[in-house]
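Reading through the structure tokens given below for one structure.
The first residue in the sequence is number 1, and the count goes up from there. Quick caveat: nothing in here was measured; it's all calculated off a predicted structure. Atom set for the values below is all heavy atoms of this structure, side chains included, hydrogens, waters and symmetry mates excluded.
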Amino acid sequence: QVQLVESGGGLVQPGGSLRLSCAASGSIFSINAMGWYRQAPGKQRELVAAIPSGGYTNYADSVKGRFTISRDNAKNTVYLQMNSLKPEDTAVYYCNAAITTMTTPYLMNTYWGQGTQVTVSS
């Protein structure tokens with residue numbers, strides 16, 4: 001019913017930049033919070049950044065000042081601009097959103113994208 005599709009991952013050198021995008025589609029009634037998580041090999045999935053529908057943002061300490069999350073509500077899309085990338089940013093990045101659907105507009109569920117690989121290496 002609802003899909004989240006990420007794009008924009010890849011290989012980048014340390015100090016470089018990437019922009020991730022995540023578009024939600026399907027039978028959407030409303031989208032509340034949207035966010036990005038990441039999971040490195042052998043580690044737990046962690047929150048990178050989040051942006052509720054109201055627009056204020058929240059970041060992991062490790063990415064503050066380097067990453068910027070934003071959203072385009074008209075396009076049901078959330079972005080993650082990543083600058084000054086470091087090797088420790090290497091991970092699979094997952095999009096996450098809290099969504100209500102047309103069939104159950106009173107019930108909010110959490111949806112995940114399939115993940116996109118970001119590799120920071122020289």
Side-chain angles (χ1 to χ4, degrees):
Q1 252 186 334
V2 173
Q3 280 190 318
L4 299 182
V5 178
E6 299 121 334
S7 60
L11 173 64
V12 64
Q13 292 186 340
S17 298
L18 282 175
R19 188 191 194 210
L20 305 183
S21 299
C22 172
S25 63
S27 183
I28 295 171
F29 182 75
S30 67
I31 302 178
N32 194 347
M34 303 185 82
W36 290 93
Y37 288 71
R38 67 185 180 187
Q39 187 166 19
K43 294 188 177 181
Q44 289 188 330
R45 189 173 298 189
E46 63 175 358
L47 174 67
V48 176
I51 182 168
S53 56
Y56 86 92
T57 55
N58 182 39
Y59 295 95
D61 288 341
S62 59
V63 306
K64 282 181 181 176
R66 299 188 298 121
F67 291 10
T68 302
I69 189 171
S70 61
R71 62 191 285 174
D72 184 333
N73 292 328
K75 296 182 179 179
N76 291 337
T77 299
V78 62
Y79 305 95
L80 186 68
Q81 178 66 44
M82 304 184 294
N83 298 328
S84 302
L85 282 160
K86 304 175 182 180
E88 50 263 44
D89 294 318
T90 296
V92 177
Y93 283 70
Y94 296 92
C95 173
N96 165 283
I99 296 174
T100 62
T101 66
M102 292 294 189
T103 54
T104 54
Y106 48 85
L107 180 63
M108 188 168 293
N109 286 315
T110 298
Y111 295 85
W112 291 89
Q114 81 285 357
T116 184
Q117 177 70 47
V118 171
T119 302
V120 185
S121 175
S122 55

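- The structure places OG of S30 at 8.5 Å from CD1 of I99, a figure rounded to the nearest 0.5 Å.
- In this structure, the side chain of Q81 does not engage the main chain of T68 through any donor-acceptor pair within 3.5 Å.
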Would Q117 and L11 count as a side chain to side chain contact (heavy atoms under 4.5 Å, CB included) if you check the C-alpha gap in whole Å, the side-chain angles of each, and the deciding distance to 0.1 Å? CA-CA 8 Å; Q117 177 70 47; L11 173 64; over 6 Å; no
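- V63 and Y79 sit in two unconnected hydrophobic clusters of ILVMFWY residues. Membership requires side-chain heavy atoms under 4.5 Å apart, directly or through other members.
- The hydrophobic cluster containing V12 also contains V48, counting ILVMFWY residues as joined when their side-chain heavy atoms lie under 4.5 angstrom apart, directly or transitively.
- Under a hydrophobic clustering in which Ile, Leu, Val, Met, Phe, Trp and Tyr are joined whenever their side-chain heavy atoms come within less than 4.5 Å, directly or via other members, Y37 and Y111 fall into different clusters.
- Between V120 and E88, the closest side-chain pair of non-hydrogen atoms is not below 4.5 Å.
- Annotation: the span from R19 atom CZ to M82 atom CE amounts to 11.5 Å, rounded to 0.5 Å.
- Here the closest non-hydrogen pair linking M102 and P105 is O-CD, 3.5 Å.
- Across A97 and L4, no two heavy atoms sit closer than the pair N-CD1, 3.9 Å.
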Pair T103, F29 - check side chain to side chain contact (heavy atoms under 4.5 Å, CB included), show working. CA-CA 8 Å; T103 54; F29 182 75; over 6 Å; no
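- Judged by distance alone, with hydrogens and angles left aside, the side-chain atoms of Y59 form a donor-acceptor pair with the main-chain N or O of I69 at under 3.5 Å.
- T57 OG1 to R71 CZ: the interatomic distance, rounded to the nearest 0.5 Å, is 12.0 Å.
- Side-chain contact between S53 and N73 is absent, with no heavy atoms from C-beta onward closer than 4.5 Å.
- Scanning for side chain to side chain donor-acceptor pair (under 3.5 Å) contacts around S122 gives an empty result, with sequence neighbours left out.
- Donor-acceptor pairing under 3.5 Å is lacking for the side chains of S27 and T101.
- Within the structure, the salt bridge (charged side-chain N to carboxylate O under 4.0 Å, His left out) test picks out the following pairs touching residues 22-39 (sequence neighbours left out): R38-E46, R38-D89.
- Atom CG in N76 sits 13.0 Å away from atom CD in Q3 (nearest 0.5 Å).
- Note on W36: it clusters hydrophobically with I31, by side-chain heavy-atom contacts below 4.5 Å among ILVMFWY residues.
- To the nearest 0.5 Å, atom OG1 of residue T116 and atom CD of residue Q114 are 7.0 Å apart.
- We find the CG-CG distance between L18 and L85 to be 5.5 Å, quoted to the nearest 0.5 Å.
- Using a 3.5 Å distance cut-off with no hydrogens or angles, the side chains of S121 and T119 do not pair a donor with an acceptor.
- Ring-plane geometry between W112 and Y94 is classed as perpendicular, the angle between the planes exceeding 60 degrees on a 0 to 90 degree scale with a lower cut at 30.
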Walk me through it: do L20 and E6 pass the test side chain to side chain contact (heavy atoms under 4.5 Å, CB included)? CA-CA 7 Å; L20 305 183; E6 299 121 334; over 6 Å; no
